[in-house]
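What follows is a single structure, written as structure tokens, with notes after it.
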Amino acid sequence: MDKHPAGPRDCTVLTRQAEHRSSWLWDGPPTGQAWPGVLTCRHRFSCMPEVGLDPRAAAYITDAGLGGLLHVPNIEIDHALITALVERWRPETHSFHLPHGEMTITLQDMEVIMGVPVEGLPVVGKTNMEWGNLCHELLGHKPPDKEPHANENTAMLCGARLKLSWLKTMFHDPLPADATDLQVQQYARYYILEMLGGMLFMDKSGERISVMYLQFLNPISNGKKYSWGSAALSWLYRHLCKASETTAKQIGGALLLVQIWAYARFPHICPMMRHPHQALPPGPLAVRWKVATCTTEHATHVLSAYRMSLASLRPNQIVWEPYKSVIGSLPSYCTAGQHIWRSTVPLLHFWVVEGHHPERVLRQFGMKQGVPVDVNTSTDLHNITLQGKHDKDWAVEHASHIAKWAAHAEVVNAPIFEGEMGFDDEYMKWFRRITRRFITKETSYWDTLVESHLRILAMCEPGSAIHTECMSALEAVEELSRLNLDNARVASNTSEPAAGRGQLVGGRRGHGGRQSGDGKVRPDKEPVRRRKRE
């Protein structure tokens, strides 16, 4: 009997499985190491003035191309959901490996959900400037010098990383009514730094913020020349890759984007969102979660529940194109870069270079997905850090990648695809061979039972008592879709001949608590009310 090896059977794609946290989750950690648990998600709520942002500063932020971020709501990050997704993130392909294929967060998701521009110059600049002087010039305040012999961590300014508490103190008072234009711009730059550091470029330190981005805001209108979205996606990819390693304990990056991306594509794991009666304010897609209340109809913040929900995904529980019905109502800045959404390009953020591979997730663009070419993202690029390299000229170092970004020469295309991909599609057969099928042993139990029933069906005659019992069991748990068409005809006692028995097609379903016909996970003790089949 097949004991369900976790995979992959073909190791040519997932070449770094030994370093991936799913290895320890399946086999157990080495002696002396702890089991991978819930990651600490580094996220910081935006600290806009309680009375609302001064419209004079808001106008400059909009002029910098970052007005969309002003509308992104503060939402509590679900650490368990982020962890469950990280367990399925693969650094080799920059995608989540799920039961029905690869999915990923693309330039489209960044622009639509967060309202951040994706078209423009790459965010690649200097990393060795006189940061204190730059703060004084563009913020109007210079951080105090480090005291002699003081610990580096106690300094207000450590490299380009400034203590946020000090900066907040400098801008604690509201913008004066008679403020000069220079003061207004200084306040606007402060709010931009706070939004960039808290929502897009969060690192593993919760108390500091990078002032490197100031160099792109002099004058402040220069900000609209840059692709902040691609830089943020590069930074997020890097954090997802690092967090997928066996010993990782925390993660940064645009985690709010990851969470809303999951809500939009997997509604059955999303908390029920009930909006008040008033109309939502204009803004990017994230605004639909503004002032919404969450019910308790789904187990949130529970890692084991999310693992089971993702393992048991059925085809009809995935929304491949969640923006189709709403994209026309979004502000124009949410679609301004749509001509490059499907670009296969390097994404750059100073020293970080990560590949954007929409060709692996064409169903997210309504296109037919074929077997993609091997990408196996560069380990050399993954290993580049800023440590000891502050004096490098990154524009020269990454010149070839910058040129590829500027060209956008490869925009992938494919035939339009509608419906659900079959179990026996060439892509799915390839994917099951190269992917990591299971994250934990617990998430493999349902498949063990279902596939055992399918193998028994292949060994017995249609109409026999055993055959009937197996068919009834598969129907009861909504797994008949795994049978091929000829078997389905035999089971229905039609007059058409059967070509064979036991071949698997269709979708799959896992067992996580109990799951009703509407796709909602319910507690084990709650009775499942099935909808009548039409």
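Nothing here was measured: the structure is a model prediction, and the numbers come from that model.
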Backbone N or O of Val371 within a donor-acceptor pair of the Arg360 side chain at under 3.5 Å? no
d(Cys241 SG, Glu354 CD) to nearest 0.5 Å is 5.0 Å
Report yes or no: does Thr40 contribute a side-chain atom to a donor-acceptor pair with the main-chain N or O of Gln250 at less than 3.5 Å? no
So which pairs with a foot in residues 325-341 pass side chain to side chain donor-acceptor pair (under 3.5 Å), sequence neighbours left out? Glu111-Trp341, Glu119-His339
Residues forming a salt bridge (Lys or Arg N to Asp or Glu O under 4.0 Å) with Arg265, sequence neighbours excluded: Asp109
Could you tell me if the ring centre of Phe350 sits under 6.0 Å from that of Trp394? no
Answer yes or no: is there a donor N or O on one side and an acceptor on the other, between the side chain of Ser378 and the main chain of Asp380, under 3.5 Å? yes
Looking at side-chain heavy atoms only, is the closest gap between Thr344 and Pro358 below 4.5 Å? yes
In Å, rounded to the nearest 0.5 Å, how long is the span from NE2 of His453 to CG of Leu474? 6.0 Å
Okay, side chain of Lys242, backbone of Leu240: is any donor-acceptor separation there less than 3.5 Å? no
So does Leu39 get a backbone contact from the side chain of Thr83, meaning a donor-acceptor N/O pair under 3.5 Å? yes
Mark yes or no for whether Thr106, through its side chain, and Gln108, through its backbone, hold a donor-acceptor pair below 3.5 Å. yes
Are Leu347 and Val353 packed together at the side-chain level, in the sense that at least one heavy-atom pair is separated by less than 4.5 angstrom? no
Measure the spacing between CZ of Arg307 and CG of Leu310 and express it to the nearest 0.5 Å. 10.5 Å
Ring centres under 6.0 Å, that's the criterion: do His349 and Phe201 meet it? yes
Would you call Leu454 and Val450 a side-chain contact if the rule is heavy atoms closer than 4.5 Å? yes
Side chains of Arg16 and His382: do they bring a donor and an acceptor to under 3.5 Å? yes
Proximity of Trp405 and His401 rings by center, below 6.0 Å: no
For Pro284 against Val72, the heavy-atom pair lying closest together: CG-CG2, 4.1 Å
Would you say the ring centers of Phe431 and His97 fall short of 6.0 Å from each other? yes
Find out whether Phe266 and Ile269 are in side-chain contact, i.e. whether some heavy atom of one side chain is under 4.5 Å from a heavy atom of the other. yes
In terms of relative ring orientation, are His94 and His357 parallel, tilted or perpendicular, with 30° and 60° separating the classes? tilted
Could you tell me the separation between the CZ atom of Arg436 and the SG atom of Cys11, rounded to the nearest 0.5 Å? 9.5 Å
If only atom types and distance count, is the side chain of Arg21 paired as donor or acceptor with the main-chain N or O of Ala243 below 3.5 Å? yes
Examine distances only and state if a side-chain atom of His79 and a backbone atom of Cys41 form a donor-acceptor pair shorter than 3.5 Å. yes
Using a distance-only test with no angle check, is there a side-chain donor-acceptor pair under 3.5 angstrom linking Ser95 and Glu102? yes
Please confirm whether Phe365 and Trp320 have ring centers closer than 6.0 angstrom. no
Taking the side chain as C-beta and beyond, is there a heavy-atom pair between Thr104 and Thr93 under 4.5 Å? no
Would you indicate whether the side-chain heavy atoms of Tyr306 and Asp78 approach each other to under 4.5 Å? yes
Electrostatic pair Asp424:Arg432 at N-O distance under 4.0 angstrom: no
Rounded to the nearest 0.5 Å, how far does CG of Leu255 lie from CZ of Arg44? 12.0 Å
Test item: side-chain donor near acceptor, Ser309 and Gln317, under 3.5 Å: no
Can a donor-acceptor pair be found, under 3.5 Å and without considering hydrogens, that links the side chain of Glu92 to the backbone of Thr12? no
Separation between CD1 (Ile251) and NE2 (His43), nearest 0.5 Å, reads 13.0 Å
Is the shortest heavy-atom distance from the side chain of Trp351 to the side chain of Lys389 under 4.5 Å? no
